[in-house]
Chemist: 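Sharing a structure here in structure tokens format.
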Amino acid sequence: FIIQTTGAVIQAPDTTVVLLGGVLAKNVFWQVAGNVVVGTNAVMQGTLLVKTSVLFKTGSELKGSVLTQTRCDLQMANITKQ
């Protein structure tokens with residue numbers, strides 16, 4: 001699955017991206033032209049391909065991987081390769 005946007009992706013605090021029907025995080029790609037912010041205690045899943053910056057706020061988690069052209073900031077966050 002490929003999810004593309006020309007804008008930003010901002011995930012609200014305390015939310016979780018849920019993959020259903022046997023979909024695996026390693027098969028989900030987020031192609032984002034803007035920036036990505038994963039809110040406090042939120043859980044994102046998939047591979048983030050980001051043109052600008054990524055910010056993982058405190059307590060957030062990524063089940064997957066991240067590639068960005070500029071920077072990736074982690075505020076006490078966890079990234080687990082899936």
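Keep in mind that what you see is a predicted model, and the values were worked out from it rather than measured. Heavy atoms only: backbone and side chains are in, while hydrogens, waters and symmetry mates are out.
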Chemist: Do Asp73 and Gln75 have side chains that get closer than 4.5 Å, going by heavy atoms?
Modeler: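 Counting from C-beta outward, Asp73 and Gln75 never come under 4.5 Å.
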Chemist: Among all residues two or more places apart in sequence or in another chain, which pass the side-chain hydrogen bond (donor to acceptor under 3.5 Å, both in side chains) test with Gln69?
Modeler: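 Listed in chain order: nothing, the list is empty.
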Chemist: Quick one: side-chain hydrogen bond (donor to acceptor under 3.5 Å, both in side chains) partners of Glu61, sequence neighbours excluded?
Modeler: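 Residues passing side-chain hydrogen bond (donor to acceptor under 3.5 Å, both in side chains) with Glu61: none at all.
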Chemist: Working to the nearest 0.5 angstrom, can you tell me the gap between Lys51 NZ and Thr70 OG1?
Modeler: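 Spacing of NZ (Lys51) from OG1 (Thr70) equals 10.5 Å.
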Chemist: Are the side chain of Thr5 and the backbone of Gly7 linked by a donor-acceptor contact shorter than 3.5 Å?
Modeler: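 Yes: the side chain of Thr5 pairs with the backbone of Gly7.
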Chemist: Please determine whether residues Val36 and Leu55 belong to a single hydrophobic cluster, defined as Ile, Leu, Val, Met, Phe, Trp and Tyr linked transitively by side-chain heavy-atom distances below 4.5 Å.
Modeler: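 Result: no, two separate clusters.
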Chemist: To the closest 0.5 Å, what do you measure between CD1 (Ile2) and CH2 (Trp30)?
Modeler: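 Output value for this atom pair is 13.0 Å.
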Chemist: Between Leu62 and Phe56, is there a side-chain heavy-atom distance shorter than 4.5 Å?
Modeler: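 Counting from C-beta outward, Phe56 and Leu62 do come under 4.5 Å.
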Chemist: Report the C-alpha separation of Thr52 and Thr68 in whole Å, then their side-chain angles, then the decisive distance to 0.1 Å, and conclude whether the side chain to side chain contact (heavy atoms under 4.5 Å, CB included) test is met.
Modeler: CA-CA 6 Å; Thr52 59; Thr68 178; 5.8 Å; no
Chemist: Hey, does Pro13 have a side-chain heavy atom less than 4.5 Å from the side chain of Asn41?
Modeler: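 No, their side chains stay 4.5 Å or more apart.
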Chemist: First locate atom CG of Asp14, then atom OG of Ser60, and finally report the distance between them rounded to the nearest 0.5 Å.
Modeler: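 Here the interatomic distance stands at 11.0 Å.
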Chemist: Between Val23 and Phe1, is any pair of side-chain heavy atoms under 4.5 Å apart?
Modeler: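 Heavy-atom side-chain distance check passes, below 4.5 Å.
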Chemist: How long is the span from the NZ atom in Lys81 to the OG atom in Ser65, to the nearest 0.5 Å?
Modeler: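 If we round to the nearest 0.5 Å, Lys81:NZ and Ser65:OG are 4.0 Å apart.
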Chemist: If Ile, Leu, Val, Met, Phe, Trp and Tyr residues are connected whenever their side-chain heavy atoms lie under 4.5 Å apart, and connections chain through other members, are Ile79 and Val54 in the same group?
Modeler: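 Linked within one cluster.
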Chemist: Give the minimum heavy-atom separation between Ala42 and Ala12, together with the two atoms involved.
Modeler: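 Looking at all heavy atoms of both residues, the shortest contact is CB-O, 3.5 Å.
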Chemist: What verdict does the side chain to side chain contact (heavy atoms under 4.5 Å, CB included) test give for Val37 and Gln11, after you've listed the backbone C-alpha separation in whole Å, the side-chain angles of each residue and the deciding distance to 0.1 Å?
Modeler: CA-CA 6 Å; Val37 177; Gln11 185 176 359; over 6 Å; no
Chemist: Between Met44 and Val17, what is the shortest heavy-atom contact and its length?
Modeler: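 Closest approach of Met44 to Val17, heavy atoms only: SD-CG2, 3.8 Å.
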Chemist: Identify whether Leu74 and Val50 are in the same connected component of the hydrophobic contact network (ILVMFWY, side-chain heavy atoms under 4.5 Å).
Modeler: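 Leu74 and Val50: one cluster.
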Chemist: With side chains defined as the heavy atoms from C-beta onward, is the minimum distance between Phe29 and Ile3 less than 4.5 Å?
Modeler: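 Phe29 vs Ile3: side chains apart.
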Chemist: Are more than 12 heavy atoms, taken from residues, nucleotides or ligands other than Leu24, located less than 6.0 Å from that residue's CG atom?
Modeler: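 Yes, because the 6.0 Å sphere around CG of Leu24 holds more than 12 heavy atoms from other groups.
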Chemist: Looking at Val9, Leu67, Val66, which one forms a side chain to side chain contact (heavy atoms under 4.5 Å, CB included) with Leu48?
Modeler: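 Of the listed options, the one satisfying the test is Val66.
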Chemist: Starting at CD of Gln45, measure out to CG of Leu19 and round the result to the nearest 0.5 Å.
Modeler: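 Here the rounded value is 4.0 Å.
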